[in-house]
Amino acid sequence: MGHSEPKLDLPQIPDDVLDNILSRLNEAELRLALRQKIVPIAWLPHLTLFAVVDGVGCSLAGDLAFTPVARIGARQFNAAVRRKLGSFLLSRAIGLLKNKAPILSAHHRFSRPQVFWFIMFLAYAALGFVLLRLETMLMVFSLILSLFFLSVVALRLLSVLSDNRQRTKPNQRLKDNELPVYSVLVPLYRETSVLQQLIGALDQLDYPQPLLDIKLILEENDVVMHRAVAALDLPNHFEVIVVPVGKPQTKPRAMNYALQFSRGELLTIYDAEDIPEPDQLRKAVAAFRKGPAQLACVQAELTFYNANENWLTRQ
């Protein structure tokens, strides 16, 4: 995959100036810089001057209502963002849900009512062991556990029996000018063995490259993965996002961090070992267009390709 990043014949902004610019951006300007790679660099009365980042920013420059006056190297921009904004973006990735919708966040492990009822359960259990025979208490606990497991089995059976949705595949291929920008998040951690397979599958996606926004998400301390990705000549619609070291080191944290750089109207997530069908994104767009207004997520059918690898995968 030999691809060269488009560059404009413009002066390049020095690192120290870029650091100062990034620290002065407001929320809307920061969103523009991270997602579209278009960076406001000077504010004059009735006029704002912009620089574009090599790659995506330069690609979008032709569609803009202004003429950029400077350029920023892609690696230079990413390094400056980590250096000046890494801690801020990381804290926002970790705490945004907790701050905006606490009831949906797992930051607080137990609510007060949950703690109250758990203490009441322990108190009644202790009282039961004091007043009743051991055999009776064991029978009660056995009954409670049996009801719990039966409810889980019943839920799964109902999920199968109630699946009466029409599984109609979209039969109309949308034209390129009808497609939105699509972001693809790919969290990677010590998965160099499948990297070439993954990049090959992503490169085969049947979707216009200017509308693809693929993020390879790496942890800052995953040196082996950094070297493997650096050795690739990635197309312009790929971007490497490095997540600063922090806790918890989880996929959700990494994807929340990368989400702040994503410019797509729609978004999907692939694991390193995934091999998506080339037309999967087009089908997803068609499904959203055909679905109701409140449709927020679609699930593709999962095809297993390693059934003969071992006993576990055969199950």
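Just the heavy atoms: all of them, side chains too, but no hydrogens, waters or symmetry mates, feed the values below.
Leu211 is connected to Leu202 through a chain of hydrophobic side-chain contacts under 4.5 Å among Ile, Leu, Val, Met, Phe, Trp and Tyr, so both are in one cluster. The hydrophobic clustering, which links ILVMFWY residues whose side-chain heavy atoms are closer than 4.5 Å, places Leu18 and Trp43 together. Residues Leu25 and Val17 share a hydrophobic cluster, clusters being chains of Ile/Leu/Val/Met/Phe/Trp/Tyr side chains in contact below 4.5 Å. Put simply, Phe88 and Leu90 are part of the same group of oily side chains (I, L, V, M, F, W, Y) that touch within less than 4.5 Å, one to the next.
Residues meeting the side chain to side chain donor-acceptor pair (under 3.5 Å) test with Gln114, sequence neighbours left out: Ser111.
Judged purely by distance below 3.5 Å, without hydrogens or angles, the side chains of Arg71 and Gln12 pair a donor atom with an acceptor atom. Gln280 and Tyr270 share a donor-acceptor pair across their side chains, judged by distance under 3.5 Å alone. Side-chain N/O atoms of Gln76 and Asp15 include a donor and acceptor closer than 3.5 Å.
Under the 3.5 Å distance criterion, the side-chain polar atoms of Glu191 are matched with a main-chain donor or acceptor of Tyr189. Panel note: side chain Asp274, backbone Asp271; a donor-acceptor pair is recorded below 3.5 Å. Not one N or O on the side chain of Gln204 forms a donor-acceptor pair closer than 3.5 Å with the backbone of Ala201. Judged by distance alone, with hydrogens and angles left aside, the side-chain atoms of Arg253 form a donor-acceptor pair with the main-chain N or O of Pro248 at under 3.5 Å. With Glu239 contributing its side chain and Lys215 its backbone, the two residues share no donor-acceptor pair below 3.5 Å. Side-chain N or O atoms of Arg35 include one that pairs as donor or acceptor with a backbone N or O of Ser262 at under 3.5 Å. Checked by atom type and distance alone, the side chain of Asp222 pairs as donor or acceptor with a backbone atom of Arg190 at under 3.5 Å. In this structure a side-chain-to-backbone donor-acceptor pair under 3.5 Å is missing from Asp203 to Ile199. His226 places no side-chain N or O within donor-acceptor distance of the main-chain N or O of Asn221, the cut-off being under 3.5 Å.
Contact between Thr268 and Tyr182 at its shortest, heavy atoms only, is N-CE2, 3.8 Å. Between Asp206 and Arg282, the shortest heavy-atom distance links the atoms O-NE, 2.8 Å.
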Test Glu277 against Lys283 for salt bridge (Lys or Arg N to Asp or Glu O under 4.0 Å), laying out the working first.
CA-CA 10 Å; Glu277 292 183 0; Lys283 289 179 178 178; 3.5 Å; yes
